[in-house]
Amino acid sequence: MAPMASPSRERKQMKSTLEDLAQHLSKILKDASKIRVRRSTAPDLTPIQCKVEASLETKVILATAPEGIVSALKDVAAAMRKVVRMNRDPSGGPPPLNNPDMWRNLEAVLLEPFEELAGRMRTAGLHVPQVRNFKLARSLYHSASSLLVVLCGELLWTSRDMMVVSATACACAWFSEYLKLRSEGFRRFMFSLLGAISRDGEQHNVNSATWYMSALMCLSFLFGKLPSGLGALALGVGDPAAALVGSKLGSIKVYGKKTMEGSGAFVLVSFAFSVGYMRGLYQLEWPAVLSLAAVAAVSGSIAELFCPVPTVDDNLFVPLATAAAVSYFLHSFGGAVGCPGGATPYSEVFDWAGVGAQLPWGLGALLYNRLPPPGPGIFKGTWLEFIYPHLPEAPLFA
């Protein structure tokens, strides 16, 4: 009679089987995002489909793997069968679709079940490579929210307002993380709403938006508005540009999974938006604008490239590193580029009444009433007014 396998040995075998399977699944999903792969080859699902089906018949998996992992694995198997049916000609002839369409079907059907499986495996302490395929909705959300925060911070809110708003948003974000951890129903409800802008792993780990809210709170308490704005823009527009170009066109590896093409896109896009931000809202000459934009773009790209993930999330690290670099440059070399006392916003000196009188549809009155930023603070006269005396007069490194 053969000796029975020990529980620790069975767990090691289960761990090895599932991690090998996740490696193959992540590889094929990463290939699905590469333009050159989509055009040149068709997806070969037979080997990986056989692995998935075989794992569901393995006694070790069925006996030792958590029920959530087995259920997620069954969903992956069902998704792969669906992709095969979509890409196969019923008559047995050649595939009816071209290569890009076949890859598109694969990504659309398989990515969500894989993300659920990956989250379950990570919760159980198993290693799963991250698949950060580009999501247009997610990138647009990040860019729009960053631009909105920057504009509100410059034109509508005082520094103390920024502290209150960011701290409140940060507290709400972390409370939602607590609810997600404690309630399976809340987690499913949240990701049924935010699935289009979430990425692999966020169902069972801290959401990137929570780290971003934490970064905004730190920016508001530590840095002035210009460094904070450049830090927010670096993440909001530079990071999505790097994700788009790196995932679709990246081929030259620089560090880890990061590519030269992605880093170059980060620098160019972040630089362009930083120039527009400073020329539009600050009294700065071209030498100062170009110098500060270059510092923000390069420092943000370096921070994104070498961010010590998973120890520190890039949504927290990139804005803070960028703002710190810009703040240091302003304090150390501001006089050399024409801003010795820091940058003065147009909103503090500009004749908004003159501009507003020329705008149609009542926009002139709106701008004139809202600009420049209200001195006493937007929460004066509300129940939050008691907070103001307990806040610092200005950010720490302003």
Please report the shortest heavy-atom distance between V52 and M80, naming the atom on each side. CG2-SD, 3.9 Å
Cluster question for you: counting only ILVMFWY and a side-chain heavy-atom cut-off of under 4.5 Å, with indirect links fine, are M162 and L148 together? no
Could you name each residue pair satisfying ring pair (Phe, Tyr, Trp, His ring centres under 6.0 Å) that touches residues 256-276, not counting sequence neighbours? none
Grab the two heavy atoms, one from C218 and one from L320, that are nearest each other, plus how far apart they are. CB-CD2, 3.6 Å
Tell me if a side-chain donor or acceptor on S166 pairs with a main-chain N or O of M163 at a distance below 3.5 Å. yes
Distance-only donor-acceptor pairs under 3.5 Å for side chains of residues 209-217, two or more places apart:
residue: T210; atom: OG1; partner: E177; partner atom: OE2; Å: 2.8
residue: Y212; atom: OH; partner: S146; partner atom: OG; Å: 2.9
residue: S214; atom: OG; partner: W174; partner atom: NE1; Å: 2.9
residue: S214; atom: OG; partner: T210; partner atom: O; Å: 2.9

Nearest heavy-atom neighbours spanning G238 and S270: CA-CB, 4.3 Å
Would you say Y277 ends up clustered with L284 if hydrophobic residues are merged whenever their side chains have heavy atoms under 4.5 Å apart, either directly or through other cluster members? yes
Minimum heavy-atom distance between Y282 and K225, given as atom pair plus value: OH-CB, 3.8 Å
Measure across R11 and L126 and return the closest heavy-atom pair with its distance rounded to 0.1 Å. NH2-CD2, 4.4 Å
Sequence-distant partners of D75, salt bridge (Lys or Arg N to Asp or Glu O under 4.0 Å), two or more places apart: none
Could you work out, with side-chain hydrogen bond (donor to acceptor under 3.5 Å, both in side chains) as the rule, every residue matching S299, not counting sequence neighbours? none
A323: which residues meet the side-chain contact (heavy atoms from CB on, under 4.5 Å) condition with it, sequence neighbours left out? L219, F223, P227
For E304 and F317, what are the C-alpha separation, side-chain angles and deciding distance, and is it a side-chain contact (heavy atoms from CB on, under 4.5 Å)? CA-CA 8 Å; E304 193 268 343; F317 187 66; over 6 Å; no
Results of side-chain contact (heavy atoms from CB on, under 4.5 Å) for E53 - residues two or more places apart only: Q49, A77, R81
For E285, what residues pass the salt bridge (Lys or Arg N to Asp or Glu O under 4.0 Å) criterion, not counting sequence neighbours? none
For L179, the side-chain contact (heavy atoms from CB on, under 4.5 Å) test, sequence neighbours excluded, returns F175, F186
Does V275 belong to the same Ile/Leu/Val/Met/Phe/Trp/Tyr cluster as L151, with side-chain heavy atoms less than 4.5 Å apart forming each link? yes
If the condition is salt bridge (Lys or Arg N to Asp or Glu O under 4.0 Å), which residues does K51 pass it with, not counting sequence neighbours? D20
Are V298 and L268 connected into the same hydrophobic cluster when the rule is that any two of I, L, V, M, F, W, Y join if their side-chain heavy atoms are below 4.5 Å apart? no
Residues forming a side-chain contact (heavy atoms from CB on, under 4.5 Å) with L117, sequence neighbours excluded: L25, I69, A72, L73, V76, M121
